[in-house]
Undergrad: 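I am attaching a structure below and will ask some questions about it afterwards.
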Amino acid sequence: ESGKLIAEFTSSGDRNFQSRVLGHIDPGDIVGELGAMSNEPRSLTIRAIKPSKLLKLPSHQFMKLCNLHPSVMFETVHPIIERSKDLIQH
């Protein structure tokens with residue numbers, strides 16, 4: 001597939017909203033997995049910078065899928081760990 005997304009963090013300081021691009025998301029990458037697993041509000045904004053096709057999976061369906069197929073959870077958590085390691089090293 002084609003498409004390109006970016007992950008942005010927006011902070012508000014003195015009424016000025018500032019966005020910082022934290023990374024690019026390529027076709028096939030997963031977004032929103034932390035919110036789906038933790039049931040907490042999202043912390044980043046994902047924005048398409050090229051036309052993209054997305055698949056939306058509600059968190060309760062994602063968790064059901066993980067319960068039925070634990071390997072899905074592992075495959076979802078592994079990129080989170082890698083991104084965390086990259087942030088720590090930079």
Undergrad: Report yes or no: do I80 and I30 belong to one cluster of Ile/Leu/Val/Met/Phe/Trp/Tyr joined by side chain heavy-atom distances under 4.5 Å?
TA: no
Undergrad: When you group the ILVMFWY residues by side-chain heavy-atom contacts below 4.5 Å and let the links chain together, are I81 and L34 in the same group?
TA: yes
Undergrad: Output, in order, the C-alpha distance, side-chain angles, deciding distance and verdict of side chain to side chain contact (heavy atoms under 4.5 Å, CB included) for R47 and I49.
TA: CA-CA 6 Å; R47 188 167 52 90; I49 57 174; 4.2 Å; yes
Undergrad: Is there a salt bridge (charged side-chain N to carboxylate O under 4.0 Å, His left out) between R20 and E8? Walk through the geometry before answering.
TA: CA-CA 5 Å; R20 186 177 79 184; E8 296 178 314; over 6 Å; no
Undergrad: Run the numbers on I25 and I6 for side chain to side chain contact (heavy atoms under 4.5 Å, CB included), then give the verdict.
TA: CA-CA 6 Å; I25 301 158; I6 57 170; over 6 Å; no
Undergrad: Calculate, to the nearest 0.5 Å, the distance between atoms NE2 and CE belonging to H78 and M73 respectively.
TA: 15.5 Å
Undergrad: So with a 6.0 Å cut-off around NZ of K64, is the heavy-atom count from everything else above 12?
TA: no
Undergrad: Verify the cluster assignment for I46 and L22: are they in a single hydrophobic cluster under the rule of side-chain heavy atoms below 4.5 Å apart?
TA: no
Undergrad: For T76 and V72, which heavy atoms make the closest approach, and how far apart are they?
TA: OG1-O, 2.7 Å
Undergrad: Run the side chain to side chain contact (heavy atoms under 4.5 Å, CB included) test on N39 and S59 for me, step by step, so that the C-alpha distance in whole Å, both residues' side-chain angles and the decisive distance to 0.1 Å come before the verdict.
TA: CA-CA 8 Å; N39 255 350; S59 60; 3.8 Å; yes
Undergrad: So do the side chains of M37 and V77 get within less than 4.5 Å of each other, counting heavy atoms only?
TA: yes
Undergrad: Would you give the length of the straight line joining atom OG of S38 to atom CD of E33, rounded to the nearest 0.5 angstrom?
TA: 10.0 Å
Undergrad: Specify the closest pair of heavy atoms between L5 and A48, including all atoms of both residues, with the distance to one decimal.
TA: CD2-CA, 3.5 Å
Undergrad: Which heavy atom of G3 sits nearest to which heavy atom of S52, and what is that distance?
TA: CA-OG, 3.4 Å
Undergrad: Between D29 and H24, does a side chain to side chain contact (heavy atoms under 4.5 Å, CB included) hold up when you go through it step by step?
TA: CA-CA 10 Å; D29 287 350; H24 291 83; over 6 Å; no
